Amino acid sequence: MKKKALILGIETSCDETAAAVLEESAGTIPNLLSNIVSSQEKIHKKFGGVVPELAARSHIEKIDLIVNAALKKSRRKLKDIDAIAVTSGPGLIVCLSVGLNFAKALAMTLKKPLIVVNHLEGHALSPKLITDLNYPYLLLLISGGHSQYLAVKKLGKYKRLGTTIDDAVGEAFDKTAKLLGIKFPGGPFIEKFAAKGNKNRFDLPKPIINRGGCNLSLAGLKTAVLKISKSIKNNQDKYDLAASFQKTIEEILVKKTRIAFDEFKKICRTKNNFFVIAGGVAANNNIRNKLEKLSFEEKFIPIFPPMNLCGDNAAMIAMVGLEKFKLKQFSKLNSPAKPRWQLDESAAFLKGAGVKL
Ligand code: KG4
Ligand code: ZN
């Protein structure tokens, strides 16, 4: 019997040190044997954001412990690993380098292939860890650093339909949280505050809602939250602002997703219109519910990774690694870290003042 491929995944692109072991299965869904994530939340909390130097230092301290823990949990030996998949971008260069160098050293010592993985492709393929998902599909990637609509045509082939021209959705959640006195990362707390507030109390702007296709803009929303936050007097005011913010984000995403559905149908013909919503913000229950409802109305099949695979993890990196392994897409041992690696490398840079939509 042919040996089932065994992939070790490593992720250190930002503030999570993660390792996972994934085994090929006879079916389409592989067996996730272990998935260890060590978050640096406590280290960065007091700074209101990730401090690259501290993040890299913590990755260096923990990487071998986390990889060993993942191997131990998987009950497999290092010598049984067939390839090492590692995030090489996008992300913080000092952080990426830790995982990448560790993976290169392992690959060299074990004489096994190195497979470099785009972190965003990891999020894009994360539902494949639990669902039978065929290409092509529409992807909404909403995380702390990225907010994009992409047509996923096949492994490694992406067409960007829309992106944020300023802040990412997760970033808007974190900045709003900070203004409400919540420590980083505040996204999950905004959801909790919002549940206790009046969502109709504050009328917040929805920049470029009626233009720019399915591109997003959230900086104006943040400025409006900043102005209102100065007059906040008590907890109820905070809850109401959080609820109004959450409602505004939902409305923006519903409107822009409707446009992305149309654009996807124009370029991809498929029997099942799968719509994958991935990245840290996909853990937001209200956003999940709204996008699920919209999908059913528009005859799309919504797919969310399970909650524990929405945030950064190495299982999704191993998932991409397994697909690349089957296609023998191996990487050179001198592959560089790529802090700005885009999924659709042909897409124009759309950020900052002066962007024309
Ligand atoms: O994908 P991820 O773990 O890391 C990046 O690659 O950026 O996403 C982290 C982001 C943070 O901005 C965090 O506040 C946000 O996801 N987030 C949420 C929720 N859980 C995490 N935002 C809104 N609601 C949530 N429940
Ligand atoms: Zn991520």
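Owing to the predicted nature of the structure, the values given are computational and were not obtained by experimental measurement. Read the numbers this way: they start at 1 and go in the same order the structure lists the ligands and their atoms.
Near ligand 1, His119, His123, Ser143, Gly144, Gly145, Gly170, Phe173, Asp174, Pro185, Gly187, Pro188, Glu191, Gly279, Gly280, Val281, Ala283, Asn284, Gly311, Asp312 each place a heavy atom less than 4.0 angstrom from the ligand.
When every heavy atom of Ala69 is checked against every heavy atom of Ile36, the shortest pair comes out as C-CG1, 4.1 Å.
Coordination check, Cys14 versus the Zn ion (ligand 2): failed, since every N/O/S atom of the residue sits at 2.8 Å or beyond.
For Asp312, the N/O/S atom at the shortest distance from the Zn ion (ligand 2) is named OD1. Between the Zn ion (ligand 2) and the N, O or S atoms of His123, the shortest distance is to NE2.
Checked against the 6.0 Å centroid threshold, Tyr149 and Phe264 do not count as a close aromatic pair. For Phe245 and Phe173, the ring centers sit closer than 6.0 Å to each other.
Sorted by first then second residue, the salt bridge (charged side-chain N to carboxylate O under 4.0 Å, His left out) pairs that include residues 306-325, not counting sequence neighbours, are Lys128-Glu323. Annotation: salt bridge (charged side-chain N to carboxylate O under 4.0 Å, His left out) contacts involving residues 200-210, sequence neighbours excluded, comprise Arg201-Asp237, Arg201-Asp240, Lys206-Glu251.
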Side-chain polar contacts of residues 294-304 - donor-acceptor pairs under 3.5 angstrom, sequence neighbours left out - could you list them?
residue : atom : partner : partner atom : Å
Ser295  : OG   : Leu291  : O            : 2.6
Glu297  : OE2  : Lys293  : NZ           : 3.3
Glu298  : OE2  : Arg258  : NH1          : 2.8

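Looking at Arg288 and Met307, their side chains come closer than 4.5 Å, going by heavy atoms from C-beta outward.
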